[in-house]
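Everything numeric here is computed off the predicted structure, so don't read it as measured data.
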Amino acid sequence: MTSGKSTIGPILANVIGWSFCDLDKVIENSYNKTIVELFEIYGEAHFRTLEAKFLREVSAQDNIIISLGGGTIVNDENLKFIKNSGKLVYLKVSEETLRRRLKNKTDRPLFRDLVLAEKPDEEFASRINNLLISRSPYYEQADIVVESDKNKVGVTIDILANKILGMLNEN
(Lines give C-alpha, C1' and ligand atoms only; values in the text may rest on other atoms or scores of the structure.)
Protein backbone atom coordinates (compact mmCIF):
# COMPACT_ATOMS: atom_id res chain seq x y z
CA MET A 1 0.00 0.00 0.00
CA THR A 2 1.07 3.55 -0.85
CA SER A 3 3.85 2.20 -3.05
CA GLY A 4 2.68 4.08 -6.15
CA LYS A 5 0.65 1.39 -7.91
CA SER A 6 -2.29 3.68 -8.64
CA THR A 7 0.07 6.31 -10.04
CA ILE A 8 2.47 4.19 -12.08
CA GLY A 9 -0.11 1.62 -13.24
CA PRO A 10 -2.19 3.97 -15.42
CA ILE A 11 0.94 5.51 -16.93
CA LEU A 12 2.35 2.10 -17.81
CA ALA A 13 -1.02 0.96 -19.18
CA ASN A 14 -1.22 4.09 -21.35
CA VAL A 15 2.30 3.59 -22.69
CA ILE A 16 1.60 0.01 -23.80
CA GLY A 17 -2.01 0.63 -24.86
CA TRP A 18 -3.63 -1.56 -22.23
CA SER A 19 -6.44 -0.92 -19.77
CA PHE A 20 -5.83 -0.13 -16.12
CA CYS A 21 -7.89 -1.33 -13.18
CA ASP A 22 -7.57 -0.56 -9.49
CA LEU A 23 -9.06 -3.61 -7.76
CA ASP A 24 -10.00 -1.64 -4.64
CA LYS A 25 -11.91 0.88 -6.77
CA VAL A 26 -13.81 -1.93 -8.51
CA ILE A 27 -14.86 -3.32 -5.13
CA GLU A 28 -15.78 0.12 -3.80
CA ASN A 29 -17.87 0.90 -6.89
CA SER A 30 -19.62 -2.46 -6.76
CA TYR A 31 -20.69 -1.96 -3.14
CA ASN A 32 -20.94 1.84 -3.19
CA LYS A 33 -18.79 1.81 -0.05
CA THR A 34 -15.17 2.61 0.73
CA ILE A 35 -12.68 -0.09 1.63
CA VAL A 36 -12.70 1.27 5.20
CA GLU A 37 -16.49 0.93 5.35
CA LEU A 38 -16.34 -2.61 3.95
CA PHE A 39 -13.75 -3.58 6.58
CA GLU A 40 -15.93 -2.06 9.32
CA ILE A 41 -19.17 -3.66 8.11
CA TYR A 42 -17.96 -7.12 7.05
CA GLY A 43 -14.52 -7.51 8.61
CA GLU A 44 -11.21 -8.21 6.94
CA ALA A 45 -11.85 -11.92 6.27
CA HIS A 46 -15.02 -11.21 4.29
CA PHE A 47 -13.32 -8.37 2.45
CA ARG A 48 -10.51 -10.75 1.40
CA THR A 49 -13.16 -13.13 0.00
CA LEU A 50 -14.65 -10.28 -2.05
CA GLU A 51 -11.19 -9.28 -3.17
CA ALA A 52 -10.46 -12.80 -4.46
CA LYS A 53 -13.79 -12.90 -6.32
CA PHE A 54 -13.26 -9.55 -8.03
CA LEU A 55 -9.63 -10.40 -8.81
CA ARG A 56 -10.77 -13.36 -10.87
CA GLU A 57 -13.48 -11.36 -12.62
CA VAL A 58 -11.20 -8.48 -13.55
CA SER A 59 -8.38 -10.82 -14.61
CA ALA A 60 -10.63 -12.35 -17.26
CA GLN A 61 -9.98 -9.25 -19.38
CA ASP A 62 -7.14 -9.26 -21.87
CA ASN A 63 -4.41 -6.64 -21.91
CA ILE A 64 -5.00 -5.17 -18.47
CA ILE A 65 -2.81 -3.91 -15.67
CA ILE A 66 -4.39 -4.45 -12.27
CA SER A 67 -3.42 -2.56 -9.14
CA LEU A 68 -3.89 -4.88 -6.18
CA GLY A 69 -4.43 -4.01 -2.55
CA GLY A 70 -1.45 -4.67 -0.31
CA GLY A 71 -3.03 -7.81 1.15
CA THR A 72 -4.34 -9.39 -2.05
CA ILE A 73 -1.39 -11.70 -2.62
CA VAL A 74 -1.16 -12.75 1.03
CA ASN A 75 -3.46 -15.59 0.09
CA ASP A 76 -1.84 -18.63 -1.48
CA GLU A 77 -4.70 -19.16 -3.93
CA ASN A 78 -4.63 -15.53 -5.05
CA LEU A 79 -0.86 -15.57 -5.44
CA LYS A 80 -0.95 -18.77 -7.50
CA PHE A 81 -3.79 -17.39 -9.65
CA ILE A 82 -1.93 -14.11 -10.26
CA LYS A 83 1.34 -15.84 -11.14
CA ASN A 84 -0.49 -18.14 -13.56
CA SER A 85 -2.44 -15.25 -15.13
CA GLY A 86 0.31 -12.74 -15.83
CA LYS A 87 3.31 -10.96 -14.39
CA LEU A 88 3.38 -9.79 -10.79
CA VAL A 89 5.26 -6.55 -10.16
CA TYR A 90 6.21 -5.52 -6.63
CA LEU A 91 6.80 -1.79 -6.14
CA LYS A 92 9.05 -1.83 -3.10
CA VAL A 93 9.37 1.23 -0.87
CA SER A 94 11.18 1.81 2.39
CA GLU A 95 9.50 1.53 5.77
CA GLU A 96 10.22 5.23 6.34
CA THR A 97 8.41 6.21 3.14
CA LEU A 98 5.46 3.99 4.03
CA ARG A 99 5.28 5.56 7.49
CA ARG A 100 5.38 9.07 6.06
CA ARG A 101 2.69 8.28 3.48
CA LEU A 102 0.41 6.45 5.91
CA LYS A 103 0.73 8.84 8.85
CA ASN A 104 -2.22 11.03 7.82
CA LYS A 105 -4.28 8.65 5.68
CA THR A 106 -7.61 7.59 7.12
CA ASP A 107 -8.52 5.50 4.06
CA ARG A 108 -6.22 2.60 4.98
CA PRO A 109 -8.12 0.18 7.23
CA LEU A 110 -5.03 -1.39 8.78
CA PHE A 111 -3.68 2.01 9.86
CA ARG A 112 -6.82 4.09 10.38
CA ASP A 113 -6.89 3.55 14.14
CA LEU A 114 -3.33 4.85 14.50
CA VAL A 115 -4.09 7.95 12.42
CA LEU A 116 -7.31 8.78 14.25
CA ALA A 117 -5.65 8.32 17.65
CA GLU A 118 -2.66 10.40 16.49
CA LYS A 119 -0.26 7.70 17.59
CA PRO A 120 3.48 8.38 17.56
CA ASP A 121 5.73 7.45 14.65
CA GLU A 122 7.11 4.48 16.57
CA GLU A 123 3.71 2.77 16.53
CA PHE A 124 3.37 3.29 12.78
CA ALA A 125 6.89 1.97 12.28
CA SER A 126 6.18 -1.09 14.41
CA ARG A 127 2.96 -1.94 12.57
CA ILE A 128 4.56 -1.36 9.16
CA ASN A 129 7.52 -3.53 10.12
CA ASN A 130 5.25 -6.34 11.34
CA LEU A 131 3.13 -6.13 8.20
CA LEU A 132 6.17 -6.21 5.93
CA ILE A 133 7.64 -9.17 7.80
CA SER A 134 4.42 -11.14 7.34
CA ARG A 135 3.89 -10.07 3.72
CA SER A 136 7.45 -10.10 2.38
CA PRO A 137 7.52 -13.86 1.66
CA TYR A 138 4.60 -13.26 -0.72
CA TYR A 139 5.83 -9.96 -2.17
CA GLU A 140 9.28 -11.37 -2.89
CA GLN A 141 7.70 -14.01 -5.16
CA ALA A 142 6.90 -11.26 -7.67
CA ASP A 143 8.21 -11.73 -11.20
CA ILE A 144 9.62 -8.22 -11.06
CA VAL A 145 10.73 -6.29 -7.98
CA VAL A 146 11.31 -2.57 -8.45
CA GLU A 147 12.55 -0.11 -5.85
CA SER A 148 9.95 2.64 -6.24
CA ASP A 149 10.97 4.96 -3.44
CA LYS A 150 10.73 8.47 -4.88
CA ASN A 151 13.01 9.73 -2.13
CA LYS A 152 15.96 8.12 -3.83
CA VAL A 153 17.86 10.53 -6.01
CA GLY A 154 16.77 10.45 -9.64
CA VAL A 155 13.75 8.20 -9.18
CA THR A 156 10.72 9.65 -10.94
CA ILE A 157 7.44 8.13 -12.04
CA ASP A 158 8.53 8.20 -15.69
CA ILE A 159 11.80 6.45 -14.87
CA LEU A 160 9.97 3.80 -12.85
CA ALA A 161 7.39 3.19 -15.60
CA ASN A 162 10.13 2.83 -18.21
CA LYS A 163 12.14 0.54 -15.93
CA ILE A 164 9.13 -1.71 -15.37
CA LEU A 165 8.35 -1.74 -19.09
CA GLY A 166 11.93 -2.77 -19.85
CA MET A 167 11.84 -5.52 -17.25
CA LEU A 168 8.49 -6.79 -18.59
CA ASN A 169 9.94 -6.92 -22.09
CA GLU A 170 12.90 -8.95 -20.79
CA ASN A 171 10.63 -11.56 -19.15
Side-chain angles (χ1 to χ4, degrees), residues 1-10 12-13 18-93 95 97-146 148:
M1 67 190 114
T2 73
S3 64
K5 301 177 302 284
S6 297
T7 302
I8 294 171
L12 187 59
W18 284 16
S19 299
F20 174 78
C21 173
D22 183 317
L23 189 61
D24 283 348
K25 296 294 179 210
V26 170
I27 297 168
E28 286 179 336
N29 292 339
S30 294
Y31 282 83
N32 199 27
K33 301 214 178 308
T34 67
I35 299 302
V36 169
E37 290 171 327
L38 292 169
F39 262 68
E40 289 173 353
I41 294 166
Y42 301 112
E44 184 175 1
H46 184 75
F47 173 78
R48 297 299 176 197
T49 301
L50 294 175
E51 190 176 51
K53 172 187 173 276
F54 282 99
L55 170 64
R56 280 153 182 77
E57 288 178 12
V58 170
S59 296
Q61 299 175 47
D62 290 329
N63 302 327
I64 188 167
I65 292 176
I66 304 169
S67 171
L68 305 172
T72 308
I73 66 169
V74 186
N75 169 306
D76 291 327
E77 290 180 28
N78 284 351
L79 180 59
K80 183 178 178 182
F81 175 78
I82 293 163
K83 301 262 304 160
N84 287 331
S85 301
K87 298 290 182 187
L88 179 59
V89 178
Y90 170 28
L91 301 180
K92 189 173 187 175
V93 293
E95 289 180 41
T97 296
L98 291 172
R99 185 201 53 77
R100 195 178 65 260
R101 291 178 182 173
L102 289 164
K103 186 168 174 139
N104 297 308
K105 289 188 161 286
T106 57
D107 64 340
R108 307 297 171 150
L110 300 179
F111 289 87
R112 181 178 170 81
D113 63 320
L114 296 179
V115 175
L116 294 176
E118 298 179 2
K119 294 293 185 179
D121 288 353
E122 296 78 29
E123 289 194 43
F124 279 90
S126 176
R127 188 167 299 174
I128 290 166
N129 184 53
N130 290 337
L131 201 56
L132 288 176
I133 287 170
S134 68
R135 291 181 175 182
S136 285
Y138 298 93
Y139 290 177
E140 296 298 334
Q141 292 182 55
D143 299 296
I144 296 171
V145 178
V146 178
S148 66

Undergrad: Is there a side-chain contact between Ile35 and Asp107 (heavy atoms, below 4.5 Å)?
TA: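 Not in contact.
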Undergrad: Looking at Arg112 and Glu40, does any basic side-chain N land under 4.0 Å from a carboxylate oxygen?
TA: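 Yes, Arg112 and Glu40 are salt-bridged.
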Undergrad: Would you find a donor on one side and an acceptor on the other, under 3.5 Å apart, between the side chain of Lys83 and the backbone of Gln141?
TA: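 Answer holds: yes.
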Undergrad: Output the distance between atom NZ (Lys92) and atom OG (Ser136), rounded to the nearest 0.5 Å.
TA: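 Taking NZ in Lys92 and OG in Ser136, the distance rounds to 6.5 Å.
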Undergrad: When you check the gap from the basic side-chain N to the acidic O, do Arg127 and Glu123 get nearer than 4.0 Å?
TA: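 Salt bridge: no.
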Undergrad: Distance-only, no hydrogens or angles: does the Arg135 side chain make a donor-acceptor pair with backbone N or O of Gly70 under 3.5 Å?
TA: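 At least one qualifying donor-acceptor pair exists.
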Undergrad: So which heavy atom on Pro10 is nearest to which on Phe20, and how close?
TA: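 What the structure gives for the nearest pair is N-CD1, 3.5 Å.
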Undergrad: With Leu55 as reference, evaluate Ile73, Val26, Leu23, Ile27 under the side chain to side chain contact (heavy atoms under 4.5 Å, CB included) test and give the passing residue.
TA: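 Single side chain to side chain contact (heavy atoms under 4.5 Å, CB included) partner of Leu55 among Ile73, Val26, Leu23, Ile27: Leu23.
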Undergrad: Taking the side chain as every heavy atom from C-beta outward, state whether Arg56 and Glu77 have any atom pair closer than 4.5 Å.
TA: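 Of all side-chain heavy-atom pairs linking Glu77 with Arg56, at least one is under 4.5 Å.
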Undergrad: Give a yes or no answer on whether the side chain of Glu28 reaches the backbone of Thr34 with a donor-acceptor pair at less than 3.5 Å.
TA: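 Absent.
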Undergrad: How close do Ile64 and Trp18 get, counting heavy atoms only, and between which atoms?
TA: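 In terms of heavy atoms, the two residues are closest at N-CE3, 3.4 Å.
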Undergrad: Considering non-hydrogen atoms only, spot the tightest contact between Leu68 and Lys5 and give its length.
TA: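 For Leu68 versus Lys5, the nearest heavy atoms are O-CE, 2.7 Å.
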Undergrad: Which atoms form the tightest heavy-atom contact between Thr106 and Val36, and what is the distance?
TA: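 Thr106 and Val36 have their closest heavy atoms at O-CG2, 3.6 Å.
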Undergrad: Quick check against the 3.5 Å criterion: does Asn29 have a side-chain atom that pairs as donor or acceptor with the backbone of Lys25?
TA: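 Looks like yes, one N/O pair under 3.5 Å.
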Undergrad: Can you find a side-chain donor-acceptor pair between Asn78 and Thr72 that sits under 3.5 Å?
TA: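 There is no such pair (donor and acceptor under 3.5 Å, judged by atom type) between the side chains of Asn78 and Thr72.
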Undergrad: Could you tell me whether the side chain of Asn75 reaches within less than 4.5 Å of the side chain of Tyr138, counting heavy atoms only?
TA: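 With C-beta onward as the side chain, the pair stays apart.
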Undergrad: More than 12 heavy atoms of other residues, nucleotides or ligands under 6.0 Å from CD of Glu140: is that the case?
TA: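 Yes, the 6.0 Å shell around CD holds more than 12 heavy atoms from other groups.
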Undergrad: Closest heavy-atom contact between Cys21 and Val58?
TA: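 Heavy atoms of Cys21 and Val58 come nearest at SG-CG1, 3.5 Å.
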Undergrad: Using the six-membered ring wherever Trp is involved, compare the ring planes of Tyr31 and Tyr42 and label them parallel, tilted or perpendicular (cut-offs 30° and 60°).
TA: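 Because their plane-to-plane angle is over 60°, the rings of Tyr31 and Tyr42 count as perpendicular.
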Undergrad: Quick one: are Val93 and Arg101 in side-chain contact, heavy atoms under 4.5 Å?
TA: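 Of all side-chain heavy-atom pairs linking Arg101 with Val93, at least one is under 4.5 Å.
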Undergrad: Closest heavy-atom contact between Asp22 and Ser6?
TA: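 Residues Asp22 and Ser6, closest heavy atoms: OD2-OG, 2.8 Å.
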Undergrad: Given the rule in the side chain to side chain contact (heavy atoms under 4.5 Å, CB included) test, do Leu132 and Leu98 qualify, once you have shown the distances and angles that lead to the verdict?
TA: CA-CA 10 Å; Leu132 288 176; Leu98 291 172; 3.9 Å; yes
Undergrad: Quick check on Asn130: does its CG atom have over 12 non-hydrogen neighbours (other residues, nucleotides or ligands) under 6.0 Å away?
TA: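 Yes - once you tally the heavy atoms of other residues, nucleotides and ligands closer than 6.0 Å, there are more than 12.
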Undergrad: Could you tell me whether a side-chain N or O of Arg99 sits under 3.5 Å from a main-chain N or O of Phe124, the two making a donor and an acceptor?
TA: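 No, because the side chain of Arg99 does not come within donor-acceptor range (under 3.5 Å) of the backbone of Phe124.
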Undergrad: As an exercise, state the distance from CD1 of Ile66 to OG of Ser59, rounded to the nearest 0.5 Å.
TA: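 Reported to 0.5 Å precision, the distance equals 3.5 Å.
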